[in-house]
Amino acid sequence: MSVRGNGRSNLAASLGEHEVVICVGAGGVGKTTVSAALAMAIAAEHDKRVMVITVDPARRLATALGLHRMTVDPVIVPADRLRRAGVPPRDQLVAAMIDTKSTWDRLVERNAPDRRTAARILANPFYQGISGAFTGSHEFIAMETLYELHHAGEYDCLVVDTPPSRSALDFLEAPTRFSDFVGGRLLSWLARPSLFGWRAMNFAAAPFLRMADRLLGADLLEDLASFVADIQRLYGGVQKRAADVYSLLRSYRTAFTVVTTLEPAPFAEAEFFSSKLREFSMPMRALVVNRVLPPALLDEEGAAAASTMIAEPAAAEWLADALDERVARDAPRHIAEAYMVLHRLAQGHARQVSRLSRLGRAPAIQLPQASRDVSDIDSLAMLAQHLRGRGEQ
Amino acid sequence: MLLSRRLLLVAGKGGTGKSTIAAALALLAAREDKRVLCIEVDAKGDLSHQLGADPPGFQPRVVQPNISVLQLKVEDSLQEYLHIYFKVPRLARMTPLARVFDFVATGVPGAKDMLVIGKIAYEEKRREANGSPMWDMIIVDAAATGEVLPQLRAARAMLELVRGGIIRGQVEWIDAMLTDPTRTLLTICALPEEMPVVEAIELHDRARAETKIGVGACFLNRMMPVSLSPREEHLTERLAGDGERTALARQLGGDPRPVAEGALLAQRFHHNGLEHARRLRAGMSVPLIEVPLLVAPRPGLATTRAVAAALEGAAA
């Protein structure tokens with residue numbers, strides 16, 4: 001089997017060798033929690049400044065790290081709190097949230113040929129629509145933020161929690177999609193020479209313009225055309241950036257980590273993700289299987305005992321004798337039925353475990369299912385210890 | 001009460017089982033002899049799988065008696081719109097002209113959202129030759145939490161932007177339909193976990209504050225279907241504890257300790273679920289419908305039928 005899955009490897013040690021760790025996977029598998037725990041583990045394992053970056057506007061990471069608030073500015077996770085939780089950082093752990101609006105604004109300012117063009121774009125009503133709406137814009141901004149932070153070099157290791165994408169492709173293709181969009185022939189056509197000239201010169205466009213005027217009014221369309229002309233001037237910069245982002249993602253500096261649970265739907269998505277990563281030459285360097293049920297649920301003796309407890313009328317007497325207590329007639333069946341729900345769930349999960357090798361070659365680690373939500377620093381620290389290969393089974 | 005509406009939107013965080021619940025509601029409605037259309041917004045075909053069929057295309061396809069499914073993609077929606085109102089030929093690939101519209105649709109704030117909600121409204125308005133509605137009920141497996149609100153707000157935003165012309169009239173009746181709680185309701189799916197619960201309450205609050213759409217119910221999915229009484233829990237704890245169990249193990253044909261440990265874990269999930277149910281009840285002003293955890297080898301029609309059976313009564 002190509003996936004090493006005994007749950008004893010130290011992922012934090014190996015992933016911490018990279019400068020960028022990107023956690024990908026289906027929505028609802030606990031990516032944010034795993035990212036936070038992984039950052040915590042890397043900070044404990046390596047003498048590095050570690051930053052965990054999350055995308056989600058619901059401020060999950062703030063809750064998970066026990067911080068009272070998460071502003072746009074990075075927040076240092078208190079070292080004494082981490083020490084008490086058993087994962088003292090060797091240097092520092094910092095948490096941050098992606099700020100979509102200001103990242104877009106910076107991108108425009110950086111790539112515009114002059115200040116006036118930048119100001120015009122930022123003031124254009126279409127700008128908000130474009131920045132928020134094109135397919136993969138959240139993914140694009142995640143990449144952009146990651147690149148900015150990596151380039152600034154203030155942190156030794158960036159752990160990135162990715163947006164819950166509809167598809168893996170949205171994320172992996174985000175940088176080129178935007179540069180294709182900006183540099184597309186469609187935009188060139190719209191922008192040249194200007195809508196005024198276009199209106200007069202381009203006879204073929206007449207039916208379209210009539211239609212558009214009826215739908216939206218002429219002013220709207222002219223605003224749009226001037227916006228297009230401006231945004232095209234970003235192209236050179238945006239295209240170079242896309243190339244730089246890809247070269248960072250494909251290099252050894254970056255480690256993709258696929259996060260999944262053993263439920264069928266997220267697992268299928270993890271399979272898809274890992275195959276796409278191969279296609280994009282961005283190797284999966286680790287696999288985290290989250291919410292794994294206790295192996296004792298699959299114990300054969302237990303299953304046999306449970307079926308007896310359900311079917312055998314004398315079971316109540318036997319239990320009463322063994323425990324020296326009064327046992328109601330239904331009690332053994334009720335206990336066994338509660339067990340059976342999780343036993344069947346664990347059986348389904350075991351079938352997925354046998355398919356782990358399909359995801360490709362990478363060290364894998366299994367994180368135990370917590371009986372409660374992982375939303376405080378101590379339970380995060382418990383997961384972090386597992387990621388260091390120190391978890392209790 | 002949910003099934004008496006014309007349009008039901010099922011929203012919630014990814015992984016909360018929106019598709020399964022939408023499919024189960026469709027089965028229940030179809031059983032009442034309603035002709036149901038299920039619409040999957042920008043999705044990968046999960047809803048069709050839950051109804052035992054392959055993903056359809058943009059045109060509605062019958063997947064079960066009385067149930068059709070269509071996959072709503074913005075680009076198809078735009079093409080259809082242009083075709084119906086402006087006689088632009090429908091083509092396999094988008095023409096430069098249609099792509100210009102695509103760009104306009106991308107650039108104009110809310111236009112894409114409008115195309116999604118517009119297509120839903122279009123299906124609601126479709127009539128047979130004899131004038132009766134094509135669909136008795138439309139169930140929408142909505143996009144992720146972040147995208148559903150802009151879609152619901154789109155009509156209102158458009159009314160502010162567009163002052164006249166064809167679009168204004170179309171948008172007015174879409175807005176009227178969405179904001180009439182006797183015709184349209186939003187339902188929200190959650191799981192007994194921290195973040196899905198937080199997001200469900202957030203969606204409920206924002207739908208109340210930012211739209212005029214009625215919120216009909218919250219589904220709390222994957223609830224532990226069994227629980228122990230305090231007395232049983234005490235016995236289970238003793239059974240899981242230390243002590244000589246050789247005689248008992250011989251009688252039962254196996255060691256009962258893993259059974260006790262499993263049952264205690266199930267009980268913790270049960271309590272955890274109750275706590276989340278309490279939070280949802282406290283945080284929302286709509287009925288909470290609990291859906292039991294169903295263990296199936298893979299999602300499909302069998303699971304959907306079981307969920308439908310569990311919802312019967314609560315949703316009717």
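Only this structure's heavy atoms are used, side chains among them; waters, hydrogens and symmetry mates stay out. The structure presented is a predicted model; accordingly, all values stated were derived computationally and were not measured. Just so it is clear: chains get the letters A, B, ... in the order the sequence lines come, proteins before strands, and each one is counted from 1.
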- Quick one: which of A/Leu323, A/Asp299, A/Val29 has the most heavy-atom pairs under 4.5 Å with chain B, could you say?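 Sorted descending by pairs with chain B, the first entry is A/Leu323.
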- Return the option, out of A/Met309, A/Glu337, A/Met340, A/His343, with the maximum number of heavy-atom pairs under 4.5 Å with chain B.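 Counting heavy-atom pairs under 4.5 Å, the top option is A/Met309.
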Heavy-atom distance under 4.5 Å to chain A: side chain of [X], backbone, both or neither?
X: B/His270; answer: neither
X: B/Glu233; answer: neither
X: B/Pro196; answer: neither
X: B/Leu235; answer: both
X: B/His271; answer: neither

Nearest-0.5 Å distance that lies between atom [atom1] in [X] and atom [atom2] in [Y]:
X: A/Glu300; Y: B/Asp255; atom1: CD; atom2: CG; result: 13.0 Å
X: A/Trp318; Y: B/Arg250; atom1: CH2; atom2: CZ; result: 11.0 Å
X: B/Thr236; Y: A/His334; atom1: OG1; atom2: NE2; result: 11.0 Å
X: A/Leu319; Y: B/Arg245; atom1: CG; atom2: CZ; result: 8.5 Å
X: B/Arg238; Y: A/Asp324; atom1: CZ; atom2: CG; result: 7.5 Å

- Item | Given B/Leu228, B/Leu264, B/Val226, the one that forms side chain to side chain contact (heavy atoms under 4.5 Å, CB included) with A/Ile335 |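 Going through B/Leu228, B/Leu264, B/Val226 one by one, the side chain to side chain contact (heavy atoms under 4.5 Å, CB included) with A/Ile335 is satisfied by B/Leu228 alone.
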Does any backbone or side-chain atom of [X] lie under 4.5 Å from a heavy atom of chain B? Answer side chain, backbone, both or neither.
X: A/Gln347; value: neither
X: A/Ala306; value: both
X: A/Leu297; value: side chain
X: A/Ala370; value: backbone

If I compare all heavy atoms of [X] with all of [Y], which pair ends up nearest, and what's the gap?
X: A/Ala304; Y: B/Gly253; result: CB-O, 3.4 Å
X: B/Ala266; Y: A/Ala338; result: CB-O, 3.5 Å
X: A/Ala296; Y: B/Glu261; result: CB-OE1, 4.3 Å
X: B/Val259; Y: A/Ala305; result: CG2-CB, 4.1 Å

- Query: B/Gln251 versus A/Glu312: any side-chain heavy-atom pair under 4.5 Å?
  - Reply: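 No, too far: nothing below the 4.5 Å cut-off.
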- Query: So, do B/Val295 and A/Leu342 sit near enough that their side-chain heavy atoms are less than 4.5 Å apart?
  - Reply: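 B/Val295 does not reach A/Leu342 side chain to side chain.
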- Please step through side chain to side chain contact (heavy atoms under 4.5 Å, CB included) for the pair B/Leu293 and A/Leu345, ending with a clear verdict. CA-CA 10 Å; B/Leu293 167 71; A/Leu345 205 58; 4.2 Å; yes
- Item | Trace of the side chain to side chain contact (heavy atoms under 4.5 Å, CB included) decision for B/Arg231 with A/Arg326 | CA-CA 10 Å; B/Arg231 174 82 196 143; A/Arg326 188 177 54 80; 3.8 Å; yes
- Are the charged groups of A/Arg333 and B/Glu232 less than 4.0 angstrom apart, N to O?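 No.
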- Crowding at CD, A/Glu317 (>12 non-hydrogen neighbours, <6.0 Å):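 For A/Glu317, atom CD is not crowded (no more than 12 foreign heavy atoms under 6.0 Å).
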- Select, from B/Leu294, B/Leu252, B/Leu191, the one with the greatest count of heavy-atom pairs under 4.5 Å involving chain A.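 Top count of heavy-atom pairs under 4.5 Å with chain A: B/Leu252.
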